[in-house]
Amino acid sequence: MAVAKRALITGITGQDGSYLAELLLDKGYEVHGVVRRSSTMNRGRIDHLEHAHPSHLEGVRFTLHYGDMTDSGGLNRLVMTVEPDEIYNLAAQSQVHISFDQPEYTGNTDGLGTTRLLEAIRATGRPTRFYQASTSEMFGLTPPPQNEQAPFHPRSPYGVAKLYAHWMTVNYREAYQMFACSGILFNHESPRRGENFVTRKVTRGIASILAGRAGKLRLGNLDAKRDWGHARDYVEAMWLMLQQEAPDDYVIATGIQWSIRQLAEIAFGLVGLDWQQYVEVDRAYFRPAEVPDLRGDPSKARLRLGWRPRITFEAMIREMLESDLAAAGLKPDTHLRTPSAKAS
């Protein structure tokens with residue numbers, strides 16, 4: 001009987017964590033997830049996994065554990081108890097704008113939290129493979145296209161904290177010969193994206209307008225440009241990194257860039273509305289230090305991992321709209337259209 005690989009995922013209740021858990025379960029893994037204790041249950045993205053994937057393998061294949069990235073003792077116990085073959089560190093305070101309001105907390109969870117987890121792995125002495133969720137926000141003002149050799153210039157406490165975690169991952173790989181990889185992921189979205197991220201804010205805003213619950217959508221810097229892909233594609237790249245013979249860091253991106261203005265134009269166009277009649281620019285949503293221009297170069301991931309994104313930008317926005325329209329009590333087929341889209 002085959003012995004299942006065992007994976008531990010921090011941040012399993014988030015967008016990426018839920019898609020990654022699905023992927024690993026489909027591949028026959030035993031999946032353990034770390035959730036924070038809170039007064040409200042925030043497990044909507046993973047509820048369907050609790051009793052999913054019946055298997056010929058013995059034992060429970062999906063288990064949740066309480067834990068926190070600020071608690072080194074708890075992380076040590078988790079790693080020693082679970083004895084994972086692979087750890088995917090996706091836990092973070094991941095909202096850039098909020099990181100300006102909570103810089104210390106962001107640094108503690110996103111930066112030092114990674115160090116605590118790396119130390120927990122080192123303490124066990126097990127050959128656990130480690131994935132660190134790095135981010136394109138580490139590039140900041142670096143001109144595109146950004147690849148693995150591009151210099152970093154983060155422009156937010158979130159970007160700075162993630163850069164610390166990124167270099168700690170490199171350091172543990174070099175100092176202790178740990179199989180530790182960082183995926184420098186550019187923006188990736190889905191219907192499971194948090195409601196305070198701009199793509200989801202747009203699709204939810206459109207649903208609210210069509211449902212008659214709102215008349216306007218307020219956005220920040222419409223000229224900011226991003227490289228957007230689908231989270232379902234990107235978690236596959238995470239897994240591929242830990243299946244290689246040697247650990248390394250990879251940029252994961254589409255190589256195609258869109259502005260927030262184009263995002264609004266396409267999303268509103270999909271429901272037959274003129275975005276300019278509904279979108280208002282609100283300075284409250286501007287960052288204290290803006291990141292104007294991100295576009296990744298995923299050549300290394302294509303060459304070494306054989307990874308390519310499969311879901312287009314417009315298909316992703318359509319999927320998000322379908323979900324948010326349905327959540328607002330509307331019939332997606334009644335409202336959605338198919339205009340053409342152009343990227344820069």
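Just so you know, these numbers come straight off a predicted model, no measurement behind them.
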Novice: Check whether any side-chain heavy atom of F100 lies under 4.5 Å from a side-chain heavy atom of S156, and answer yes or no.
Specialist: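 A side-chain contact under 4.5 Å exists here.
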
Novice: Could you list the residues that satisfy side-chain contact (heavy atoms from CB on, under 4.5 Å) with K201, not counting sequence neighbours?
Specialist: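 Partners of K201 by the side-chain contact (heavy atoms from CB on, under 4.5 Å) criterion, ordered by chain and then number, come out as L217, L219, Y285.
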
Novice: Using every non-hydrogen atom in the two residues, find where P145 and D297 come nearest and quote the distance to one decimal.
Specialist: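 Heavy atoms only, the tightest pair is CB-CB, 4.2 Å.
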
Novice: Running the 4.5 Å side-chain criterion over Ile, Leu, Val, Met, Phe, Trp and Tyr, what cluster does V170 land in, apart from itself?
Specialist: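 Answer for V170: M138, F139, F152, L163, W167, I184, F186, V251, V291, L294.
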
Novice: Assess whether side chain to side chain contact (heavy atoms under 4.5 Å, CB included) is satisfied between T199 and N187, documenting all intermediate values.
Specialist: CA-CA 10 Å; T199 48; N187 295 65; over 6 Å; no

Novice: To the nearest 0.5 angstrom, please state how far the CG atom of L273 sits from the CD1 atom of I206.
Specialist: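 Spacing of CG (L273) from CD1 (I206) equals 7.0 Å.
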
Novice: Measure the shortest side-chain to side-chain distance between I266 and W258 over non-hydrogen atoms and say whether it is less than 4.5 angstrom.
Specialist: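 With C-beta onward as the side chain, the pair touches.
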
Novice: Considering residues at least two apart in sequence or located in another chain, which fulfil the side-chain contact (heavy atoms from CB on, under 4.5 Å) criterion with F286?
Specialist: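 Residues passing side-chain contact (heavy atoms from CB on, under 4.5 Å) with F286: N221, V281, R283, E290.
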
Novice: Could you check if a side-chain atom of T135 sits within less than 4.5 angstrom of a side-chain atom of Y158, using non-hydrogen atoms only?
Specialist: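 They are in side-chain contact.
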
Novice: Does F268 have any ring-ring contact (aromatic ring centres under 6.0 Å, His included) partners at least two apart in sequence or in another chain, and if so, which?
Specialist: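 For F268, the residues satisfying ring-ring contact (aromatic ring centres under 6.0 Å, His included) (neighbours in sequence not counted) are Y278.
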
Novice: Going only through I, L, V, M, F, W and Y residues with side-chain contacts under 4.5 Å, is there a path from V271 to V198?
Specialist: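 As far as the 4.5 Å side-chain criterion goes, V198 and V271 are connected within one cluster.
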
Novice: Would a 4.5 Å heavy-atom cut-off, applied to side chains only, mark T128 and F130 as touching?
Specialist: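 Of all side-chain heavy-atom pairs linking F130 with T128, none is under 4.5 Å.
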
Novice: Honestly curious: do W228 and L270 fall in one hydrophobic cluster under the side-chain, below-4.5 Å linking rule?
Specialist: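 Shared cluster, yes.
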
Novice: Give a yes or no on whether a salt bridge exists between E137 and K162, defined as a side-chain N under 4.0 angstrom from a carboxylate O.
Specialist: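 No, no charged N to carboxylate O under 4.0 Å.
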
Novice: Please answer whether the main-chain N or O of P144 pairs with a side-chain N or O of R295 as donor and acceptor at a distance below 3.5 Å.
Specialist: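 Not confirmed, R295 side chain does not pair with P144 backbone.
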
Novice: Going by salt bridge (Lys or Arg N to Asp or Glu O under 4.0 Å), name the pairs with one or both residues in residues 97-118, residues two or more places apart or in two chains.
Specialist: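 Passing the test, one end in residues 97-118: no pairs.
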
Novice: With a 3.5 Å distance limit and no angle check, can you tell me whether D324 reaches the backbone of A207 through a side-chain donor-acceptor pair?
Specialist: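 Answer holds: no.
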
Novice: Is the shortest side-chain N to carboxylate O distance from E148 to R304 below 4.0 Å?
Specialist: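 No salt bridge links E148 with R304.
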
Novice: Hey, mind stepping through R173 and D249 against side chain to side chain contact (heavy atoms under 4.5 Å, CB included) and telling me if it holds?
Specialist: CA-CA 11 Å; R173 181 170 69 221; D249 305 323; 2.9 Å; yes

Novice: On a heavy-atom basis, which atom in W307 and which in D233 lie closest, and how many Å separate them?
Specialist: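 Minimum heavy-atom separation between W307 and D233: NE1-O, 3.0 Å.
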
Novice: Looking only at non-hydrogen atoms, find the nearest pair between Y19 and A231 and report the distance.
Specialist: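 Closest heavy-atom pair between Y19 and A231: CD1-CB, 3.8 Å.
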
Novice: Using the rule given for side chain to side chain contact (heavy atoms under 4.5 Å, CB included), can you reason through L336 versus L325, listing the C-alpha separation, both sets of side-chain angles and the distance that settles it, and then say yes or no?
Specialist: CA-CA 9 Å; L336 282 167; L325 288 170; 4.1 Å; yes

Novice: If I compare all heavy atoms of L49 with all of S18, which pair ends up nearest, and what's the gap?
Specialist: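 Heavy-atom minimum between the residues: CD1-O, 4.2 Å.
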
Novice: Is there a side-chain contact between F313 and I256, using heavy atoms and a 4.5 Å cut-off?
Specialist: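 No; the side chains remain at least 4.5 Å from each other.
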
Novice: Residues two or more places apart in sequence or in another chain: which of them pass ring-ring contact (aromatic ring centres under 6.0 Å, His included) with W275?
Specialist: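 Partners of W275 by the ring-ring contact (aromatic ring centres under 6.0 Å, His included) criterion come out as none, since no residue qualifies.
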
Novice: In terms of hydrophobic clusters joined by side-chain contacts under 4.5 Å, are V35 and L117 together?
Specialist: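 Per the 4.5 Å side-chain linkage, V35 and L117 are not co-clustered.
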
Novice: Considering residues, nucleotides and ligands other than D274, do more than 12 of their heavy atoms fall under 6.0 Å from its CG?
Specialist: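 For D274, atom CG is crowded (more than 12 foreign heavy atoms under 6.0 Å).
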
Novice: How many angstroms lie between CZ in R232 and CZ in R192, if you round to the nearest 0.5 Å?
Specialist: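 One finds 7.0 Å between CZ of R232 and CZ of R192.
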
Novice: Under 4.5 Å between side-chain heavy atoms, hopping through other hydrophobics if needed: is there a path connecting V202 to V96?
Specialist: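 Result: no, two separate clusters.
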
Novice: How close do T169 and C181 get, heavy atom to heavy atom, and via which atoms?
Specialist: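 In this case the closest contact between T169 and C181 is CG2-O, 4.0 Å.
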
Novice: For Y172, enumerate each residue passing the side-chain contact (heavy atoms from CB on, under 4.5 Å) test, keeping only those at least two apart in sequence or located in another chain.
Specialist: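 Only T115, L118, E119, R122, M168, Y176, M178 meet the side-chain contact (heavy atoms from CB on, under 4.5 Å) criterion with Y172.
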
Novice: Write down the atom of S182, the atom of Y131, and the distance for their closest heavy-atom approach.
Specialist: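 In terms of heavy atoms, the two residues are closest at C-CE1, 4.4 Å.
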
Novice: Quick one: side chain to side chain donor-acceptor pair (under 3.5 Å) partners of R308, sequence neighbours excluded?
Specialist: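 Testing R308 for side chain to side chain donor-acceptor pair (under 3.5 Å), a comparison that skips the adjacent residues, returns none.
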
Novice: Holding to ring-ring contact (aromatic ring centres under 6.0 Å, His included), I want the full list of residues that pass it with H65, two or more places apart in sequence or in another chain.
Specialist: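 Applying ring-ring contact (aromatic ring centres under 6.0 Å, His included) to H65 gives H32.
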
Novice: Side-chain heavy atoms under 4.5 angstrom apart, residues restricted to Ile, Leu, Val, Met, Phe, Trp, Tyr: same cluster for L24 and L90?
Specialist: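 As far as the 4.5 Å side-chain criterion goes, L90 and L24 are connected within one cluster.
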
Novice: Under the side-chain contact (heavy atoms from CB on, under 4.5 Å) test, which residues partner A165, sequence neighbours left out?
Specialist: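 With sequence neighbours excluded, A165 shows a side-chain contact (heavy atoms from CB on, under 4.5 Å) to T114, Q132, given in chain and number order.
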
Novice: Answer yes or no: is there an ion pair linking E86 with K27, defined by an N-O contact shorter than 4.0 Å?
Specialist: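 So E86 does not pair with K27 through a salt bridge.
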
Novice: What distance separates I317 CD1 from H230 NE2, expressed to the nearest 0.5 Å?
Specialist: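 Spacing of CD1 (I317) from NE2 (H230) equals 9.5 Å.
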
Novice: Stepwise, does the side chain to side chain contact (heavy atoms under 4.5 Å, CB included) test hold for Q93 with S99?
Specialist: CA-CA 7 Å; Q93 189 302 101; S99 76; 3.6 Å; yes

Novice: Between atom CD1 of I252 and atom CZ of R302, what is the distance when rounded to the nearest 0.5 Å?
Specialist: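 Output value for this atom pair is 10.5 Å.
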
Novice: Using a 4.5 Å cut-off on heavy atoms from C-beta on, say whether the side chain of R310 contacts that of E236.
Specialist: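 Sidechains of R310 and E236: in contact.
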
Novice: Flag yes if more than 12 heavy atoms outside R287 fall under 6.0 Å of its CZ atom; otherwise flag no.
Specialist: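 Yes, CZ of R287 has more than 12 neighbouring heavy atoms, counting only those of other groups under 6.0 Å.
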
Novice: Say whether, by atom type as modelled, one donor and one acceptor occur between the side chain of R318 and the main chain of R337 under 3.5 angstrom.
Specialist: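 Checked: pair present.
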
Novice: Enumerate donor-acceptor pairs with a distance under 3.5 Å from any side-chain N or O in residues 77-85 to protein atoms, sequence neighbours excluded.
Specialist:
unit_1: T81; atom_1: OG1; unit_2: R77; atom_2: O; d: 2.7
unit_1: D85; atom_1: OD2; unit_2: R6; atom_2: N; d: 2.8

Novice: Suppose clustering is done on Ile, Leu, Val, Met, Phe, Trp and Tyr with side-chain heavy atoms closer than 4.5 Å. Which residues sit in the same group as F197?
Specialist: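 Grouped by the 4.5 Å side-chain rule, F197 forms a cluster of one, so the answer is none.
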
Novice: Heavy-atom distance under 4.5 Å between the side chains of F62 and L64, does that happen here?
Specialist: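 Yes, their side chains come closer than 4.5 Å.
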
Novice: Hey, what do you get for NZ (K225) to CD (Q262), rounding to the nearest 0.5 Å?
Specialist: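 So the gap between those two atoms works out to 7.5 Å.
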
Novice: Any donor and acceptor pair, going by atom type alone, linking the side chain of S323 with main-chain N or O of M320 inside 3.5 Å?
Specialist: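 No, because the side chain of S323 does not come within donor-acceptor range (under 3.5 Å) of the backbone of M320.
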
Novice: With no hydrogens and no angle check, is any side-chain donor or acceptor of Q95 less than 3.5 Å from a backbone partner on I98?
Specialist: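 Judged by distance alone, yes, a pair lies under 3.5 Å.
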
Novice: Enter the distance from T10:OG1 to L75:CG here, rounded to the nearest 0.5 Å.
Specialist: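 So the OG1 of T10 and the CG of L75 are separated by 8.5 Å.
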
